[in-house]
Amino acid sequence: MTEKPKLGVYVCHCGINISATVDVEAVSDYAQGLPNVVVARNYSYMCSDPGQLLIKDDIKEYGLNRVVVASCSPRMHEPTFRKALQEVGLNPYFLEMANIREQCSWVHQDREEATAKAKNLVDAAVAKVRMLEPLAPREVDAEPAALVIGAGIAGIQASLDIADAGFKVYLVEQSPSVGGRMAQLDKTFPTLDCSACILTPKMVDAANHPNIELLAYSEVEEVSGFVGNFEVKVRRKARYVDVSKCTGCGDCAEACRLANRFPNEFDEGMGKRSAIYLPFPQAVPAKYTIDPEKCLFLTRGRCGKSPKCVDACKPGAIDFEQKDEIVSFKVGAIIVATGFDVFDANKKPEYGYSDYPNVITGLEMERLVSASGPTGGEILVDNGEEKIVPKEIAFIQCVGSRDQSVGNEYCSRVCCMYTAKQAHLIKDKIPDATVKVYYIDVRAFGKGFEEFYDRVRREGIRYVRGNPSEIFKEGNKLVVKVEDTLTATPREDKFDLVVLAVGLTPRSDDRKIIDLLRLSQSPDRFLMEAHPKLRPVDTASDGIFLAGCCQGPKDIPDTVAQAKGAAASALIPLARGKVAIDAQVAEVIEETCRGCGFCVSICPYSAIELVTVNRMGNMVEVARVNEALCKGCGSCSAGCLSNSIQPRSFRDRQILPQIAALGGIE
Amino acid sequence: MSAMLLNKEKWSEFIGKLSGKNLWAPAVQGEVKKYAPVAEGETVELDEGNTTVPPKALLFPQTETLYRFSTGKEELEFPGLDEEMVLLGVRPCDARAMALVENLFRWDFDDPYYLKRRELTTLIGLACNEPELNCFCPSMGGSPDSTEGLDILMTDLGESYLLETVTEKGKAIVEEMKDLLEEAPADALEQKEQLAKGAREKIRRGVDPDGVPEALPQLWEDPLWQRISAPCLGCGICTYLCPTCYCFDIQDEIEGSAGRRCRMWDSCMFAEYTKHTSGHNPRPTRRERTRNRINHKYSYFVDKFGVIACVGCGRCSTLCPVNIDLIDILRQVKAAQ
Amino acid sequence: MSEQFKPNIVAFLCNWCTYAGADLAGTSRIQYPANVKIIRVMCSGRVNPLYVVNALQQGADGVLISGCHPGDCHYMEGNYYARRRLKLLKELLEFTGVDPRRFNMSWVSASEGHKWKEVVEKAVEDAIAAGPFDQFRRRQIGW
Amino acid sequence: MDLDKLRKTAAEVVSRDDVKYLIGWRRGTFGYRVAPHFIEDAAGVDELIFSPLCIANLANYLTLTEKLPVPRGQEADTRKVALLVKGCDSRAVAQLIVEKGIKREDVVVIGMPCPGMIDWKLLAERYPETDVAAEIGWKGEDFLLVRGEEEITIPRAEVLAEKCRLCRHPNPVLSDITIGEAVEPWAVAEDSGVAEIEAKETAERWDYWEEQFSKCIRCYSCRNACPLCYCEDCILDRLDPIWVNRAVNFSENTAFHLARAFHLAGRCVECGECERVCPVGIPLGKLNRKLARTVREEYGFEPGLDPEAEPFQASFKPDDPEEFIL
């Protein structure tokens with residue numbers, strides 16, 4: 001340090017958030033007496049303009065060269081105050097914050113203790129800030145492209161926005177077609193417009209957009225690098241169909257020896273497909289795929305004399321030699337839009353989902369009423385004896401949501417409304433049907449929701465408040481056992497069909513993406529955003545954003561909104577063309593480095609290498625850091641026996657004084 | 001100089017009286033023998049053999065607070081040095097060493113800390129009847145019964161101790177103890193002479209330092225330094241445990257807003273001993289450091305104070321883990337000239 | 001130990017999991033003892049085990065280190081290194097007679113505000129049981 | 001022990017153009033002492049010995065020897081160093097290679113299968129040292145002390161060094177030349193030294209080490225004698241930042257010894273030099289062996305056996321023990 005440290009200490013009241021528990025006056029008085037402290041103040045809101053002005057003026061007036069702000073968590077306002085310092089020409093890294101809100105005033109009640117602790121925290125901040133060094137944040141070019149993982153409505157929308165802004169997008173979808181869950185839906189609440197009609201055009205746009213490279217039936221294998229410079233490897237799974245030749249005519253599927261033998265995933269298993277298949281008629285790309293687990297030729301090595309599909313395919317698109325291929329590319333930002341799973345109704349055995357064919361899930365109901373569904377839109381159910389058009393239909397709400405017994409405390413946010421919608425559609429298709437909805441309480445919070453809820457009730461849908469305890473069979477009827485909690489009367493109602501309004505859950509295969517991108521999960525196991533209020537589309541990792549239900553249950557408009565938000569955020573580095581890389585990276589003190597290479601083997605980013613240098617005529621090896629790759633975690637430093645590698649702003653000479661300050665209180 | 005006799009039956013009484021005066025005496029602590037305070041009521045058993053850590057540590061503590069300071073306070077706080085101290089069972093070589101070291105602390109500047117302690121300390125020596133393997137005090141101008149630096153010299157006559165007072169300080173002690181003492185008969189003095197003679201004869205090792213001070217400057221670049229220093233670990237055993245080594249370093253220890261300036265033993269065998277702030281080190285290897293250690297004792301100190309800064313206690317030879325043997329070094333030096 | 005003994009505990013938290021978890025505890029107004037003073041590091045892997053020794057020497061009665069759960073490290077591996085190093089240190093401290101209750105380590109994620117409270121309470125409880133640690137304090141010796 | 005073969009081999013090795021010098025042992029200047037012996041030409045081999053007193057670990061000198069500045073226009077002397085090693089010494093060499101402290105190709109390792117060394121202090125208690133360097137050899141299981149005419153057989157158990165009682169690897173783990181037949185590893189004694197301390201109450205353990213560490217005069221011989229303490233600028237000497245004050249008192253001494261022991265965790269090859277050289281008899285080996293055992297038993301790792309191994313403290317396994325973590 002060249003010049004003598006001149007400190008300013010600023011204690012924030014945060015309204016009364018801090019001052020209610022911490023005697024801020026006492027803290028600033030105390031700070032005033034600490035070594036090198038020129039000025040110490042307290043103020044109602046340090047983060048406000050006047051608050052920042054206070055700091056800036058002092059820096060100018062007293063020539064402060066170090067600033068301590070005792071307020072909220074640095075994870076909240078460090079950038080704010082760094083900027084303030086910078087604005088008056090002080091290096092932004094000459095700032096240290098003492099967290100006296102989240103980690104003091106909010107967690108303690110005893111004013112005396114809290115004040116003492118706050119003083120001590122300021123002590124430590126002062127001790128550290130004196131040792132801080134000026135750092136220069138550096139910039140590197142950002143790859144003008146984005147990766148979008150998942151091609152449901154969220155992924156599609158985000159891709160389109162980024163592509164329309166003029167940047168390259170790699171849209172990766174693991175299933176053979178884009179479209180995701182929305183493609184399975186029939187109508188959408190509350191407006192009842194046809195899901196397919198509004199989605200398919202976007203699917204086609206996404207596939208044809210000049211800036212979008214659609215990688216369907218593909219999975220992200222590897223992601224390395226950092227914001228602006230992610231290196232991505234994607235596995236294109238073999239379809240065993242040459243997509244350049246396939247016309248999507250479907251002759252192969254008809255010809256397949258195992259034609260229509262397998263439950264069709266898209267129809268929730270209610271329809272059938274062949275070993276070579278198109279997930280659904282409007283699939284994009286409209287190319288067939290051979291299911292390697294089902295195809296006789298791929299599983300047994302032979303399929304009659306020769307595979308029928310091969311014979312049937314006029315363009316000769318079938319190619320059993322096809323192999324998975326790995327494509328690699330660089331992107332500047334990543335959007336995760338991996339969507340959700342529906343709750344597995346088998347986890348509520350009392351509802352007999354696995355026992356009775358006429359107990360179905362909401363999503364199955366969607367397929368049942370859908371014109372493109374297995375029954376062509378005709379509502380037909382199997383009551384165990386025959387296929388019938390159900391006349392008495394029940395909906396049970398909150399199956400797998402708001403239910404601790406299955407570990408899902410959250411509300412899935414869409415079930416109330418899709419139930420109302422499906423009830424309406426049933427009334428529409430079977431006018432003489434009686435429809436009852438068993439609910440805990442109805443949440444109709446969205447635009448037009450309440451109105452729609454009223455409408456369906458006017459249409460004669462009966463809402464019964466009660467959480468059914470059991471479903472059993474009596475003759476060819478299903479009996480729902482429930483207590484009507486409004487009239488406190490136990491009842492047993494008979495039905496032909498029971499629809500379980502299953503909730504949304506995190507995808508079972510989320511773990512893969514979590515490990516791939518170092519994401520974290522909220523307690524509800526959905527992917528966690530950087531800040532629940534202020535950074536709902538960001539993740540803790542710069543350049544990686546969340547869109548849609550992977551972050552939590554959402555309806556379509558919310559999903560599209562978040563997708564657009566994620567796209568806008570992802571566009572920032574792309575549009576700027578540059579990203580700032582953190583200046584708080586590790587530095588090697590070559591004079592004392594003994595070249596043992598511990599740091600090299602420790603570094604998870606391969607950011608350190610051994611280089612040979614000339615030390616007084618002797619060639620010796622020392623470590624060297626690639627600052628673009630270093631993330632500043634400091635694991636190398638703690639593993640260095642001569643402490644010759646030090647993360648800037650977290651050096652031993654900066655941390656040890658903190659320890660002394662915190663340890664040495666009488 | 002008066003000679004008195006202390007019958008060993010009165011020993012514990014003698015100790016009892018002394019222990020009121022901040023008495024220190026050799027005590028065995030596990031594998032190591034070092035000076036320890038003698039509390040009232042405790043007794044002392046003086047056996048043969050010297051302490052690992054020389055008594056210099058009591059006059060010239062390994063870590064000594066010079067003064068304390070704290071931020072926002074102008075005045076410095078000095079430690080009070082006023083407690084008298086009696087060292088019992090000091091070997092003649094170690095006492096001589098103190099006398100030698102005093103040259104340094106009185107040289108261009110009177111060191112208040114050392115000299116004050118020296119003044120407050122009374123040294124009651126114990127003649128060596130059974131010299132140790134590496135004792136070679138006679139070679140260095142001392143003897144198992146030398147009184148140099150001592151205030152009283154005791155000799156173990158078996159049944160009793162012979163107390164010979166050397167200084168006024170010694171006299172004062174003997175005065176205080178006189179009802180425990182009796183005049184020493186002539187045969188006691190005779191017996192002591194025999195013991196001393198016998199002790200000198202028992203000394204097996206030695207080297208005549210004649211010519212060494214003159215030879216050393218000629219041998220500056222001699223290969224023997226490389227040979228001698230090659231096994232050296234560069235540790236501080238030989239110097240820290242040498243009764244005549246007095247090098248120190250001064251450092252500030254800061255604790256928050258308070259601190260102290262203290263001096264601590266340093267060793268010319270340490271790499272950082274002569275390391276400059278620039279990183280340059282005029283004594284870059286153990287060769288230069290070893291050469292310095294020997295030159296300092298047998299040449300520089302002689303130039304300055306006319307006496308060799310070694311009393312032949314043999315600690316360095318005995319304790320060096322890699323058998324760098326001072327006696328052997330001196331022989332090599334003589335051989336090389 | 002006397003009721004009024006308020007142990008002083010120095011904690012090292014990784015920025016991404018436990019520090020965030022402690023912040024969450026704050027925003028959720030979860031109350032816990034004020035004895036624990038937090039030093040923020042980017043990763044538990046940054047915690048040089050000698051910091052623990054230093055903290056105890058500087059007068060801490062206990063030390064707490066907390067990071068991300070295995071597999072969740074923001075830097076992928078830092079907490080694994082921390083785990084290995086600090087296990088060794090723990091063994092060493094116990095062997096030299098430092099009360100094991102003076103050293104705690106935990107995994108607390110960004111969403112575990114409640115666990116943070118529990119960890120703090122455990123650390124404080126332990127340190128109280130272990131009592132004041134002044135045998136090792138730097139400034140009490142030679143002053 | 002075929003001394004002629006050893007000397008003959010040594011002579012050959014030092015005569016090689018690519019060898020700078022050979023480090024072995026020679027008889028000391030008195031008593032039971034033995035000195036490291038640096039041989040630059042064949043003449044020097046006559047003093048070379050290998051006896052039960054050759055306990056010092058010479059691998060230390062591979063890193064201890066200073067790299068002098070090379071004058072402009074001159075080449076650095078990159079010739080090999082030849083080294084005599086026992087089992088434990090060879091582990092130090094292997095570990096140094098792991099840590100790139102040295103390169104394998106920069107050393108010529110002459111391996112000496114080791115029947116076990118004498119702790120001269122134990123010997124001196126029974127037969128005091130004299131001013132002449134003693135003649136000692138092996139006699140079957142036991143040791144043979146030759147004093148002029150008389151030959152004294154000393155039972156192995158009486159004077160065997162502690163580290164040798166606990167030795168798992170008496171034969172060199174790596175060497176270019178091996179002198180003599182491999183010895184049969186003996187039954188490893190239980191580490192009573194460590195066990196005794198573990199058996200104590202926490203407070204008793206503290207008191208035990210307080211007494212030990214209080215004796216320390218911080219001469220740094222333990223650090224300097226350790227073949228694996230070779231930082232040119234040890235953090236425990238450093239003034240910025242200060243990890244341990246220079247002041248010698250119980251607190252600083254303890255901090256020093258904890259740091260020293262910790263830095264050797266997963267690296268210490270249990271050669272026992274730290275304890276052997278300590279002038280005030282601090283049982284430092286116990287600290288190292290305690291951690292070495294933890295590493296061996298809980299992580300299944302022993303340093304210094306494989307020059308290719310991952311450095312222990314710079315690696316991890318996902319399933320490393322974590323029972324201690326809340």
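Only heavy atoms go into these numbers, but all of them, side chains included; no hydrogens, no water, no symmetry mates. This one's a predicted model, so the numbers in the text were calculated from it and none came from an experiment. Chain A is the first sequence line, chain B the second, and so forth, proteins listed ahead of strands; every chain is numbered from 1.
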* Asked: Can the ring centroids of D/Phe256 and D/Tyr220 be said to lie less than 6.0 angstrom from one another?
  -> yes
* To do: Select one option (side chain, backbone, both, neither) describing which atoms of B/Lys34 are under 4.5 Å from chain D's heavy atoms.
  => side chain
* Of the backbone (N, CA, C, O) and the side chain (C-beta and beyond), which part of B/Leu133 lies under 4.5 Å from a heavy atom of chain D, both, or neither? -> side chain
* Under a 4.0 Å N-O cut-off, is there an ion pair linking B/Arg260 with B/Glu253? -> yes
* Quick one: do B/Trp265 and B/Phe248 satisfy ring-ring contact (aromatic ring centres under 6.0 Å, His included)? Show the steps, please. => CA-CA 4 Å; B/Trp265 290 359; B/Phe248 58 79; over 10 Å; no
* To do: Would you mind checking which part of B/Arg286 comes under 4.5 Å of any heavy atom in chain D, side chain (CB onward), backbone (N, CA, C, O), both or neither?
  => both
* Asked: Under a 4.5 Å heavy-atom cut-off, does chain B meet the side chain of D/Leu68, its backbone, both or neither?
  -> side chain
* Atom group of B/Ile327 that falls short of 4.5 Å from chain D, counting heavy atoms -> neither
* B/Thr239 portion near chain D, given a 4.5 angstrom heavy-atom threshold -> neither
* To do: Sort D/Asp233 into side chain, backbone, both or neither according to what part of it lies under 4.5 angstrom from a heavy atom of chain B.
  => neither
* Side chain from CB out, backbone as N, CA, C, O: work out which of these in B/Glu272 comes under 4.5 Å of a heavy atom of chain D, or both, or neither. => side chain
* **Proximity breakdown for B/Cys238 and chain D, heavy-atom pairs closer than 4.5 Å** => neither
* Checking D/Leu239 against chain B: side chain, backbone, both or neither under 4.5 Å from a heavy atom? -> side chain
* Asked: chain D: which of B/Val53, B/Leu241, B/Ile324, B/Asp325 shares the most heavy-atom pairs with it under 4.5 Å?
  -> B/Asp325
* To do: Heavy atoms only: give me the nearest D/Glu66-B/Arg289 pair and the separation to one decimal.
  => OE2-NH1, 3.8 Å
* Is it the side chain or the backbone of D/Asp131 that comes within 4.5 Å of chain B heavy atoms, both, or neither? -> both
* Report the C-alpha distance between B/Thr52 and B/Leu319 in whole Å, list the side-chain angles of each, state the deciding distance to 0.1 Å, and finish with yes or no for side-chain contact (heavy atoms from CB on, under 4.5 Å). => CA-CA 9 Å; B/Thr52 310; B/Leu319 294 165; 3.9 Å; yes
* More than 12 heavy atoms of other residues, nucleotides or ligands under 6.0 Å from CD of D/Glu232: is that the case? -> no
* To do: Check for a donor-acceptor pair, side chain of D/Lys163 on one end and backbone N or O of D/Cys271 on the other, with a separation under 3.5 Å.
  => yes
* To do: Side chain from CB out, backbone as N, CA, C, O: work out which of these in D/Arg276 comes under 4.5 Å of a heavy atom of chain B, or both, or neither.
  => side chain
* Per-residue contact mode, D/Ala56 against chain B (heavy atom under 4.5 angstrom) -> neither
* Against chain B, label D/Glu211 side chain, backbone, both or neither, depending on which of its atoms sit under 4.5 Å from a heavy atom there. => both
* Apply side-chain hydrogen bond (donor to acceptor under 3.5 Å, both in side chains) to the pair B/Asp328 and B/Gln332, showing each step before the final yes or no. => CA-CA 6 Å; B/Asp328 183 58; B/Gln332 293 193 45; 2.9 Å; yes
* Checking heavy atoms, do the side chain of B/Asp266, its backbone, both or neither come under 4.5 Å from chain D? -> both
* **Parallel, tilted or perpendicular, as decided by the 30° and 60° cut-offs, for the rings of D/Phe50 and D/Trp25** => tilted
* Asked: Given B/Ser317 and B/Asn134, is the side-chain hydrogen bond (donor to acceptor under 3.5 Å, both in side chains) satisfied, shown in steps?
  -> CA-CA 7 Å; B/Ser317 300; B/Asn134 283 315; 5.2 Å; no
